[in-house]
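The next block holds one structure in the form of C-alpha cells; read it before the comments.
To find a chain, count down the sequence lines: A is the first, B the second, and so on, and within it residues start at 1. The structure displayed is predicted, hence computed values, not measured ones.
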2 protein chains.
Amino acid sequence: MAGKISTYSGEPKWLNPREMAAWRSYIVASRRLLEAMELDLENHDLSMADYEVLALLSDAPGRRLRMSELAEIAMISKSRLSHRMKVMEAAGWVRREECAEDKRGYFAVMTDKGWKAIVKAAPDHVNSVRNRLVDHLTSKDQEDLSKIFNRVTEKLRDQFIKEGASIKK
Amino acid sequence: MAGKISTYSGEPKWLNPREMAAWRSYIVASRRLLEAMELDLENHDLSMADYEVLALLSDAPGRRLRMSELAEIAMISKSRLSHRMKVMEAAGWVRREECAEDKRGYFAVMTDKGWKAIVKAAPDHVNSVRNRLVDHLTSKDQEDLSKIFNRVTEKLRDQFIKEGASIKK
DNA sequence: ATGATTTAGTTGAAAGTTGAATTACTTACA
DNA sequence: TGTAAGTAATTCAACTTTCAACTAAATCAT
C-alpha cells in the first residue's frame, strides 16, 4: 500500500482571481526572497540552513544539542544534518561529542570558531531580513503576516496529525 | 573582485519582537507549506518545479516555449531546466525541437502525454493550494497577502537592478 | 533474562542542483 | 566581409540532498 489515494474526483474548485493573486504573489516573492537572502549569506560561506543550525546551537544551553533534536528544530532530515555536520566539522565550526547517558547518541557542539563565525554573520543576516522583507512591511503588515502564517502552520500541523495517522511512516 | 563587500559595520538594528514574529512565522510556515505541497504532488510523480514547467508550457501558444524563456518565467536556471528536460523528455511529457529562425535555439514542446499528465494533476494541485493555504485565509487576508508580497517582489526587483549594475553578472 | 521492536545516528548510492566552461550560432561594426 | 563580442543551450565537475539500508544501543513484553 503506497501513499495516499488522493486522485481528486468531481469538478475541482478552481481559484478565483483574488485567490490566484494571493497564491502567485506569495510564491513568486518567496522564491525571489529566499534566493536573495541565500546570496546575502554567501559572503559568510553559509547557506540559510547552515546559518539556522549554527544559530540554534548558539542559543542552546552549553551551545550543544543532540543531533536528533537539532534536526527536528532546524526542520531538516537527520540524514541531511549528518552530512552537513561533516562539512561544518571540517570547517571547524562544530564538533561531535558522544552522549554519556545514551550511547547511541551524539551532541552537536558549537566550537569557538563556530561562535565567531555566527557572531560575524548575524548582523549581516539581520540586515538581510530587514532589507529584503521586514523593513518593507508596516507594523500592521507584520502583525497580519504573523497571524496568517501562524494559522497556516497550525492547520498544517492538524492535517499532518490526521494524515500521518493513516499513512504510516 | 569577488562579490559585494557587505560586511556590516556599526551596531546592527536587531529585530524587535513584532518583526521577529513576522519573520519566524513566515519562514516556518513556508518551509512546512512547500514540504506538504511537494508531497501532495508526488502522487503524480511531479515536483513543484516540474509542475510549473508543464503548466507554463500548457498555457503557451502551441504549447511550446524557447528554453531560455521557459527557464526565465519558471524562475529556474538554464542549466537546471536542461537537466530537468532530459528527465521529463524520458518520461515522455516533453520533447525538444530545433528552432528554425535561430539555429542555436530549441523549443520545449509539451507532448500529448505531458498534456494528459498535467490535466490529471491540476485538480489535485489546486486542491492542495486550497487545503494547505488559500482556504485558511479570509478574502481580506488574501488581499493583504497579495499587497504585501507584491511589494516585496517589487522592492527585490529594485534592489536587484541597483546591485546588479555594480556586481557584473 | 531474552528475543522483538524502537530509536539514534550514520552511510553510500542515486538523483538533483549549481556554476563555469564549452559549442555553435548570431549580431554588430569597422 | 571578416572578426570580435554576444547569446542559446548543453555539458562537466563539484557539491548537496534524498532514500534506503545499516549498526548499535535502548526499551518493551513476556
In whole angstrom, give the distance that lies between atom CG of L34(B) and atom P of dT18(D).
13 Å
Rounded to whole Å, please give me the gap between CD in E69(A) and C1' in dA8(C).
13 Å
Output a table of nitrogen or oxygen pairs between the protein and nucleotides 22-28 of chain D separated by less than 3.5 Å.
unit_1	atom_1	unit_2	atom_2	d
dA26(D)	OP1	K103(A)	N	3.3

Protein-nucleotide distance (E52(A), atom CD; dT16(D), atom P), rounded to Å:
18 Å
Separation of atom CG in L46(A) from atom P in dC15(D), rounded to whole Å
17 Å
Would you mind checking if R96(A) and E89(A) are paired as a salt bridge, meaning a charged N to carboxylate O distance below 4.0 Å?
yes
Using whole Å, report how far CD of E89(B) lies from P of dA9(D).
14 Å
What's the verdict on side chain to side chain donor-acceptor pair (under 3.5 Å) for H125(B) and D40(B), showing C-alpha distance, side-chain angles and the deciding distance?
CA-CA 7 Å; H125(B) 183 59; D40(B) 289 341; over 6 Å; no
I'd like to know if R151(B) and D141(A) make a salt bridge, using a cut-off of under 4.0 Å between side-chain N and carboxylate O.
yes
Using the rule given for side chain to side chain donor-acceptor pair (under 3.5 Å), can you reason through S30(B) versus Y26(A), listing the C-alpha separation, both sets of side-chain angles and the distance that settles it, and then say yes or no?
CA-CA 10 Å; S30(B) 289; Y26(A) 167 71; 2.7 Å; yes
Take atom CZ of F107(B) and atom P of dT10(D), then tell me their distance rounded to the nearest Å.
13 Å
Q159(A) side chain to N131(B) main-chain N or O, any donor-acceptor pair under 3.5 Å?
yes
Separation of dT17(D) atom P from M85(A) atom CE, nearest Å, is 15 Å
Reading nucleotides 11-16 of chain C from 5' to 3' and marking B where a protein heavy atom lies under 4.0 Å of the base, S where only the sugar-phosphate is that close, and - otherwise, the string is BB---S
Would you confirm whether S58(B), through its side chain, and A55(B), through its main-chain N or O, come within 3.5 Å as a donor-acceptor pair?
yes
Heavy-atom donor-acceptor pair, E19(B) side chain to Q142(A) backbone, under 3.5 Å:
no
Taking S25(A) for the side chain and F149(B) for the main chain, is one N or O donor matched with an acceptor at less than 3.5 Å?
no
Output yes when a side-chain donor or acceptor of N127(B) lies under 3.5 Å from a complementary backbone atom of P123(B), and no otherwise.
no
Gap between atoms CG and C1', on D50(B) and dT17(C) respectively (whole Å):
13 Å
